[in-house]
Amino acid sequence: MKLEEILKERFGYSNFRSGQKEVISSLLAGKNTLAMLPTGTGKSLCYQLPGYMLEGQVLIVSPLLSLMQDQVDQLKVNGEKSVIAINSFLSFDEKLTAMKQLSRFKFIFISPEMMLTEQVLARLKSLKIALFVIDEAHCISQWGHDFRPDYLKLGYVRKQLQNPLTIALTATATSEVRGDIIRTLSIQESEQIIYSVNRPNITMAVEHFHHYREKRDRLIQLVTKLEGPGIIYFSSKKMAEQMAADLRLQGIGNVMPYHGGLEQETRMLIQQQFLHGQLDLICATSAFGMGINKENIRYVIHFHMPMQFESYVQEIGRAGRDGQPSIAFMLYTSGDETLQHQLIEGELPDEPQITLLENWLQEHKTNPQNLAGLEEELSLICGFNEIQLRLTFDYLKNYSLGKNISSVCDEFKLYIKKRLESKRRKIEEMVRWISSEKCRRIQLLEYFEEMPKIQNSDCCDHCGFSITTFERTNFPLHKQRDNEEQSWKERLAEILLRKREEER
DNA sequence: CGTGTTCCACATAAGTGGAACACGGTGCGTTATT
């Protein structure tokens with residue numbers, strides 16, 4: 001049967017979108033594949049369709065529980081029953097049952113962390129994996145080196161699974177990140193299918209301010225002026241909440257904050273409301289975005305700059321999926337980057353902390369290979385937070401074999417130093433782009449090593465654009481709806497917001 | 001660096017001015033096991 005026929009039969013589509021067929025053919029030819037396809041291309045089809053054609057199971061590594069949930073639901077809607085997500089949403093009993101019957105499932109979604117637990121890995125090894133899928137594969141590079149070290153062990157997992165046919169999917173990866181992905185997964189012989197990151201319908205603009213107040217005023221003005229829906233990105237949870245509350249008070253619209261500190265349930269609720277048009281503005285941290293597939297987002301404003309250019313591209317790329325003109329504003333006050341610098345320093349342990357650790361290990365003649373049970377004590381002594389602790393334990397466990405304590409700690413210090421340097425460089429790259437006088441788009445494309453493309457209108461603030469394109473056409477901003485018309489979700493959201501405000 | 005919170009002096013009632021200080025993002029997993 002031809003691919004198109006299967007597409008029609010299984011998924012009900014008549015045509016592939018650009019890139020899909022190429023990726024699928026590559027996989028069916030038995031080639032490991034790294035695919036960088038524009039957002040909204042339908043990346044999940046790239047593993048679902050070949051999954052049906054190959055004998056065995058499809059194992060999908062996903063970075064977020066909510067993303068797994070979405071994908072599972074989507075498959076179920078399409079009539080696929082043998083699909084499961086192995087994660088902490090399952091109760092102990094459910095997990096037990098699932099593990100027993102694992103071979104029954106065609107599509108298995110899982111997090112890197114779960115996959116690396118001994119029992120789960122042992123069970124996975126007994127399966128016949130037809131296709132190993134790394135969704136949002138840039139996470140390997142973005143998170144694997146510190147925040148979620150298990151991401152770097154996907155290569156080990158792959159080896160344990162007898163090197164199954166592998167596909168890494170992403171929308172944004174520089175050649176450096178792609179190299180990272182390929183190296184980590186050991187898929188050197190892979191086919192790379194790379195599409196442009198350029199999004200011609202997204203205008204980019206940067207504005208400079210002298211003071212926070214001016215920037216804040218401008219934000220309010222923009223939000224009032226621009227046609228929504230929109231997303232505003234902050235690097236602080238508190239500020240995202242504050243601004244959401246302020247905008248709400250000013251009657252600027254149906255605004256909610258979104259960040260990692262909110263209850264899982266609240267987050268899902270807000271995300272759903274935004275997707276369904278009951279909210280038209282989200283004040284978010286970088287937690288918001290992955291898996292958000294909303295067609296008509298008209299603008300993205302950065303009140304704080306992201307940590308790196310890739311994040312910026314991902315974040316603005318959430319606008320204009322419908323192809324309609326959309327705009328990305330970056331609001332910058334000189335010195336904004338210090339917040340980013342502060343954040344990266346807090347993520348990694350510093351030299352004094354590692355020295356404290358080293359001394360303790362020497363004194364107690366402890367084998368760095370076996371630190372289990374010492375988490376609490378060492379956190380207290382060295383002042384590690386959760387993330388620092390995990391990275392430290394992980395590093396010692398993986399790189400200390402056959403070495404003495406002081407040389408491992410020296411190597412670890414060097415590793416941290418290099419990580420910090422690399423992260424600082426990325427922040428500086430972001431600042432350079434903000435301060436530069438050149439066309440924003442050309443620089444963006446250069447960053448991703450693409451040939452610059454000619455853009456005629458509404459390119460960026462250096463090439464000229466007209467804000468009227470993006471202004472609201474219909475006033476007043478929000479028609480008041482009857483209470484009866486409000487869904488229970490909206491009402492609940494309001495209660496939640498009020499509760500949070502009272503708590504403050 | 002900027003913002004928000006706390007606390008104190010001032011002064012004699014309730015609240016202001018301001019110094020000192022803390023804080024800042026991203027997410028899996030989380031028991032007893034097939």
Roughly how many Å apart are B/dA9 and B/dA13, using the C1' atom of each and rounding to a whole number? 15 Å
Take A/N32 and A/L165 through the test side-chain contact (heavy atoms from CB on, under 4.5 Å) and record every step on the way to the result. CA-CA 6 Å; A/N32 296 318; A/L165 180 63; 3.7 Å; yes
Where protein sits on nucleotides 27-34 of chain B, one letter per nucleotide: B base, S sugar-phosphate only, - none, heavy atoms under 4.0 Å: BBSBBBBB
To the nearest angstrom, the CG-C1' distance between A/L343 and B/dG25 comes to 6 Å
Touch check for A/E337, heavy atoms < 4.0 angstrom, all strands: base, sugar-phosphate only, or nothing? nothing
Can we call the ring centroids of A/Y312 and A/W433 under 6.0 Å apart? yes
Nearest-Å distance once atom C1' is located in both B/dC8 and B/dA14: 15 Å
From CD of A/Q314 across to P of B/dG25 the rounded distance in Å is 19 Å
Any carboxylate oxygen within less than 4.0 angstrom of a Lys/Arg side-chain nitrogen, looking at A/K76 and A/D73? no
Given the rule that a pair is Watson-Crick or G-U wobble with both distances under 3.5 Å, how would you write DNA chain B in dot-bracket, using | for pairs to a different strand? ((((((((((....))))))))))..........
B/dG4, B/dC1, B/dG25: which one has an atom nearest the side-chain heavy atoms of A/Q242? B/dG4
Under 4.0 Å from OP1 or OP2 of B/dG25: is there any side-chain N or O of A/S236 that close? yes
For A/P257 and A/A240 the tightest heavy-atom approach is CB-O, 4.0 Å
I'd like to know if A/R440 and A/D461 make a salt bridge, using a cut-off of under 4.0 Å between side-chain N and carboxylate O. yes
Could you give the distance separating B/dG27 and B/dT5 at their P atoms, to the nearest angstrom? 24 Å
